[in-house]
J.: 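First, the structure itself, so that you have it in front of you.
Throughout, protein chains are lettered first and strands after them, A, B, ... in sequence-line order, and every chain is numbered starting at 1.
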Amino acid sequence: MTRRGIRRFLQLPRSAQRIRADIDEELRFDIDMRTRDLMRAGVPEADARGRAVQEFGDVEATRRYCEALDLQAAADARRSDLLNDLRGDLLIAWRAMRRAPAFAVVVLVTLALGIGANTTVFSVVRRVLIAPLPYRAPDELYRLYTTPSAVDGDDDKLSAVVIDALAHDSHTLSAVTMFGNTGGGTYTDAQTAEVWKTAQVALNFFDVFGVRPVLGRTFVQDDVAPGAPRVMMLTHALWQRAFGGDTRVIGRHIKLSEVDYLVVGVLRASFVGPTFDADALSPLPFAAILQRSQSPRMVQSRSWRALVRVRPGVTDAALQADLASFRMSMQARYPDLKNVGVVRPVPLRAAMVGNARAILILVMSAASLVLVIACVNIAGLFLSRATAKRRELGVRAALGAGRARLIRQVLTESAMYGVLGGVAGIALSVVLMRMLLAIAGSTLPHVGEIRIDAAALAFAAVISIGCGLAFGLLPAIAATRVDLRDALGDGGIRAASQGRGGVRGSRVLVATQLAFAVVLLVGAGLLMRTFVSLTHTPLGYGVDANTLAFRVNLPYARYRDTTTRGALVSSLVSRIHGMPNVQSVGYTSGAPWSGGIMNEGFRVEGRTTDGAAPSVQYSTASDEYFSAIGIALRAGRVFTPADRKGAPLTMVVSESVARRFWPNESPIGAYARLGSGAPDDNSPPYEIIGVVADVRARVLTDIVSVVYVSERQWPGYGGEFVVRTGSDPKALVPAIKNIVHDLDPNLPVISPRTLREVLRESIARQTMAMALMAAFAALAVLLAALGVYSVMAYGVASRTREFGIRTALGAERRSIVALVLRQGLSTAGVGVAIGLVVAATASGYAATLLVGVSPHDVPTFVAAAAVLAVVAVLACFIPARAATRVQPVEALRGE
Amino acid sequence: MPSALDLMPGTVDILVLRTLAWEPMHGYAISQLVRTQTSGAIALESAALYQALHRLEKKRLVRAWWGVSESNRRAKFYELTAAGRKQLRTQSADLRAYVAALFAVLDAK
């Protein structure tokens with residue numbers, strides 16, 4: 001058969017060049033034949049050819065016509081060949097999958113976990129870090145920060161004076177607005193009493209964002225005019241929750257903590273602002289605040305958060321320079337004040353996302369590492385199996401299939417797994433997302449709704465196909481490096497044992513898996529140590545599960561009278577005290593974590609201070625507060641019933657206050673006043689009766705300098721109750737609610753939780769990061785173990801004959817175990833070593849997330865290496881033992 | 001040679017299919033056969049013939065391969081496929097019916 005005959009036999013499409021040559025030859029043949037026949041009929045040779053061409057008709061048009069048709073036919077044939085091949089390959093792959101369901105299940109579960117986890121994490125990362133914020137020109141928006149406050153450590157609050165000056169003086173800003181979280185109020189209607197969190201926003205707040213309300217209007221100047229009715233805007237979520245989305249809510253009067261408000265607008269669902277979790281917004285009377293703020297002390301009183309929009313095209317450098325000159329002018333204006341006018345712009349997204357960014361990037365890296373390990377693992381499985389398939393592929397090669405064609409067949413199979421795994425992964429990601437949001441939703445920045453959307457699906461599709469090709473390529477190349485004689489000739493003895501390339505390939509895969517698993521384990525280990533040090537940082541108060549805290553707010557309208565307030569608190573305290581199992585009951589106007597602590601100037605009696613009085617934080621405390629919350633008494637005494645209203649005023653100070661104002665002496669017996677020290681300030685002196693341990697507001701913040709005054713002497717408008725019990729205090733909650741309801745049916749018991757829960761809330765993000773990392777690391781170790789085991793087991797199985805011969809020649813069982821272990825563990829050792837180096841490099845990037853542990857913490861690295869060493873030994877040992885059970889006779893007969 | 005009739009449109013394809021129904025042959029043989037069959041009454045212009053052959057090949061009504069002609073030259077041979085045979089049957093039946101109807105009108109007294 002000629003070559004073209006084979007071509008025709010195989011029905012292969014011809015090239016364009018071939019097609020043209022064929023047409024020319026065909027048409028020439030016709031003209032030649034006709035010429036010959038004409039000459040036979042007597043036409044002179046000179047005329048014959050001319051006549052034949054003439055009789056033919058339009059040769060050129062025919063040539064073009066035929067060429068176009070043939071080219072198209074060839075293209076069609078090529079396409080249908082591809083489709084046929086694909087169908088055939090898929091059929092082969094499908095049958096192979098049906099034949100080895102265990103293999104398929106392992107591959108698909110591994111892939112689904114990898115793709116599911118990555119799709120979920122991607123959705124979160126995209127929404128939080130990538131997708132544009134739902135505002136007009138969001139990149140022009142910045143939050144302003146300043147130096148950390150000496151009072152509460154917050155660095156995101158500025159004084160109204162500074163914000164006002166900024167609006168007038170800066171020339172890079174197109175708008176300046178401000179807002180503040182004012183806490184909340186109790187909403188009461190016929191059926192319910194629930195707490196709403198509220199925030200105050202400046203009138204131009206929504207204009208600066210460029211957002212419109214979904215219902216009603218935003219705030220206007222008249223809303224803050226003296227004597228104007230109080231107005232309120234509701235968030236979309238609150239509108240849905242409290243009013244069932246009723247549009248008639250606009251114009252309705254509602255009562256919040258007994259105060260009447262007119263609902264004027266409802267925010268869009270998509271509006272998630274920097275006002276955090278406020279449910280309702282009210283207008284901020286800026287002019288009035290400014291008027292109050294002109295004294296030097298008020299210039300320093302920082303209570304408002306500022307948000308600015310830069311003019312279009314303003315560079316970061318220009319903004320910085322503008323703010324630097326603003327600082328200069330502020331300092332010139334207030335020469336006595338330190339750090340006044342220091343403002344630091346932070347892009348709004350960065351401000352909203354905060355350290356969640358580092359955590360998300362870490363988690364995303366971990367998820368992608370798991371996916372890589374999964375792919376490497378599957379590649380290992382495919383490689384092992386591909387070696388077994390060499391015979392089948394050899395047969396196909398012998399039948400004329402080219403190498404590219406064989407690679408395509410193998411890749412089709414892996415891509416099929418990729419697609420199936422991707423579908424399973426997407427399904428899994430929907431479940432994972434629901435779980436993640438249920439567990440960690442509150443720790444994620446509120447920048448918009450997070451869900452599995454089209455972008456996530458596209459991402460999943462891309463990584464599925466990518467994975468399919470990635471884990472198929474190496475095995476495809478290895479398996480198709482087929483020597484026909486090898487594969488067909490000797491019944492597959494050599495074909496069945498791995499070729500050199502295959503062995504090297506699977507060793508590389510094993511080492512890679514282990515290296516990545518080490519990285520993940522180190523990451524998880526460092527975060528775990530961070531978690532431990534976070535939970536063991538002394539806060540200055542107890543964080544046990546036996547102490548309950550809850551909040552009660554007393555609405556001003558009904559509790560204007562101090563006696564009423566004092567009576568309510570004391571009867572609540574005494575009734576809770578009477579409950580079984582209760583050891584002590586404390587009450588404070590501001591617990592360390594609740595943010596209810598106030599700032600006040602502090603002046604030691606008998607000393608003069610120049611300028612503004614240094615400020616401290618103060619809160620009230622009941623007699624048993626310190627023992628209930630577990631703040632240790634260092635010197636003197638705490639409050640007793642003797643410190644009642646009308647008795648001499650007393651004060652308990654924290655150690656840091658004592659150190660700061662009485663560096664070398666005891667403050668007990670000294671007197672101090674709380675207040676600005678301004679001429680019109682006639683605040684009374686307090687006798688200092690005790691010193692107690694310092695407290696921290698949250699785990700990651702500095703100690704706060706607190707002074708405590710007696711609750712009996714200064715009953716506040718509500719605060720935190722602390723109930724220490726001998727057992728699970730959650731059981732008391734219904735009874736406590738009944739007591740509160742008994743005393744005043746309009747008072748809700750707000751967020752009852754144990755002190756341990758308080759602590760957990762404050763480190764929820766770190767906990768979540770650690771939990772996710774631990775989960776990914778566990779998955780990685782599991783996959784790596786599976787990978788090492790499957791490669792080793794396959795290696796042993798394919799060397800059955802070799803081990804049989806060795807045994808027949810007198811090798812001892814021990815030496816065979818040692819042989820297998822040595823080979824496996826040397827590979828594992830290389831992988832672990834590489835992993836440690838990579839981890840040491842990578843952990844530096846995560847340093848900001850670590851607390852109380854070095855990024856190169858030796859015990860963590862050693863432990864990670866040890867865990868994987870043990871895993872590798874176990875994974876190698878089982879196949880090694882199997883190798884010793886090879887019976888020489890069977891091994892030799894087996895072929 | 002008497003002047004030949006021009007072919008009516010659409011009849012080239014059926015003529016080619018019918019000729020190939022005897023046996024596989026190359027293009028020149030087809031035109032020779034048509035010439036002798038119709039005693040030269042129908043002149044099948046080669047340009048039309050080859051265009052028809054390639055058209056039919058693309059429609060998979062005929063298939064082609066390279067063989068050796070009676071004069072020992074390489075030539076492209078065509079043969080009917082199963083689809084081509086079926087097409088010939090239906091098309092010739094249609095044509096017969098059409099011509100019969102035409103004659104019924106033409107011969108009406």
Side-chain angles (χ1 to χ4, degrees), chain A residues 1-14 18-43 51-80, chain B residues 1-7 9 12-13 15-16 19-20 24-36 39-40 42-79 81 83-84:
Chain A
M1 223 187 300
T2 63
R3 271 193 56 189
R4 285 191 199 126
I6 293 173
R7 196 168 271 284
R8 192 213 143 232
F9 174 71
L10 290 177
Q11 295 275 308
L12 292 181
R14 298 169 296 166
R18 185 75 255 156
I19 285 171
R20 272 177 230 121
D22 281 355
I23 292 170
D24 284 350
E25 190 174 356
E26 185 180 18
L27 301 187
R28 199 180 322 115
F29 174 77
D30 186 275
I31 292 166
D32 287 354
M33 287 297 115
R34 185 67 188 145
T35 310
R36 189 199 62 185
D37 286 357
L38 285 171
M39 278 162 65
R40 279 187 190 162
V43 179
R51 249 183 83 183
V53 171
Q54 198 197 351
E55 274 180 25
F56 187 95
D58 191 339
V59 179
E60 204 35 55
T62 304
R63 183 178 289 141
R64 277 200 306 273
Y65 182 85
C66 292
E67 188 183 318
L69 277 178
D70 288 9
L71 282 174
Q72 217 180 333
D76 288 351
R78 217 167 274 132
R79 201 171 316 123
S80 85
Chain B
M1 194 182 285
S3 74
L5 293 169
D6 282 337
L7 274 173
V12 178
D13 286 13
L15 214 49
V16 170
T19 314
L20 283 175
M25 60 186 85
H26 51 69
Y28 188 68
I30 297 173
S31 61
Q32 289 292 95
L33 206 65
V34 171
R35 214 182 291 264
T36 47
S39 317
I42 294 179
L44 180 54
E45 194 186 43
S46 294
L49 169 67
Y50 286 100
Q51 294 182 14
L53 280 169
H54 283 253
R55 189 164 54 234
L56 293 170
E57 187 186 4
K58 179 163 186 280
K59 287 189 198 157
R60 294 175 190 245
L61 297 176
V62 303
R63 77 177 135 247
W65 77 94
W66 286 89
V68 179
S69 76
E70 56 283 10
S71 56
N72 229 5
R73 268 189 61 173
R74 244 169 61 81
K76 198 175 176 189
F77 283 76
Y78 293 87
E79 74 178 317
T81 62

J.: Strictly under 6.0 Å, is that where the ring centroids of B:Tyr50 and A:Tyr65 end up?
T.: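 Ring centroids of B:Tyr50 and A:Tyr65 are no less than 6.0 Å from each other.
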J.: Tell me whether the count of non-hydrogen atoms from other residues, nucleotides or ligands lying under 6.0 Å of CD in A:Glu60 goes above 12.
T.: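 Yes, the 6.0 Å shell around CD holds more than 12 heavy atoms from other groups.
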J.: Please state whether the side chain, the backbone, both or neither of A:Leu27 comes within less than 4.5 Å of a heavy atom of chain B.
T.: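 For A:Leu27, the side chain is the part near chain B, not the backbone.
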J.: Test side chain to side chain contact (heavy atoms under 4.5 Å, CB included) on B:Gln32 and A:Asp37; report intermediate values, then the result.
T.: CA-CA 10 Å; B:Gln32 289 292 95; A:Asp37 286 357; 3.3 Å; yes
J.: Could you please spell out the steps behind the side chain to side chain contact (heavy atoms under 4.5 Å, CB included) verdict for A:Phe29 and B:His26?
T.: CA-CA 10 Å; A:Phe29 174 77; B:His26 51 69; 3.5 Å; yes
J.: Please round to the nearest 0.5 Å and tell me the distance separating atom OG1 of A:Thr62 and atom CD of B:Glu45.
T.: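 So the OG1 of A:Thr62 and the CD of B:Glu45 are separated by 7.5 Å.
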J.: Is it the backbone or the side chain of A:Asp70 that comes under 4.5 Å from a heavy atom of chain B, or both, or neither?
T.: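 For A:Asp70, the contact with chain B is made by the side chain alone.
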J.: Could you tell me which residues satisfy salt bridge (Lys or Arg N to Asp or Glu O under 4.0 Å) with A:Arg51, sequence neighbours excluded, listed by chain and number?
T.: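 Listed in chain order: A:Glu55.
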J.: With rounding to the nearest 0.5 Å, note down the distance linking SG in A:Cys66 to CD in B:Glu57.
T.: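 Going from the SG atom of A:Cys66 to the CD atom of B:Glu57 covers 9.5 Å.
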J.: Show, in sequence, the C-alpha distance, side-chain angles and deciding distance for A:Glu26 and B:Tyr28, and conclude whether the side chain to side chain contact (heavy atoms under 4.5 Å, CB included) test is met.
T.: CA-CA 9 Å; A:Glu26 185 180 18; B:Tyr28 188 68; over 6 Å; no
J.: Only counting residues at least two apart or in another chain, list the ones meeting salt bridge (Lys or Arg N to Asp or Glu O under 4.0 Å) with A:Asp32.
T.: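 Salt bridge (Lys or Arg N to Asp or Glu O under 4.0 Å) check on A:Asp32 returns A:Arg49, B:Arg73.
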J.: Taking every non-hydrogen pair under 4.5 Å, which of A:Asp30, A:Ile23, A:Asp58, A:Asp76 racks up the most with chain B?
T.: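 When all of A:Asp30, A:Ile23, A:Asp58, A:Asp76 are compared, A:Asp30 has the most.
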J.: Looking at every heavy atom in both A:Leu69 and B:Gln51, which two are closest together, and how far apart are they?
T.: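 Scanning both residues, the minimum pair turns out to be CD1-O, 4.3 Å.
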J.: Do you know which of A:Arg36, A:Arg63, A:Met33 has the most heavy-atom pairs under 4.5 Å to chain B?
T.: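 Looking at each of A:Arg36, A:Arg63, A:Met33 in turn, A:Met33 comes out on top.
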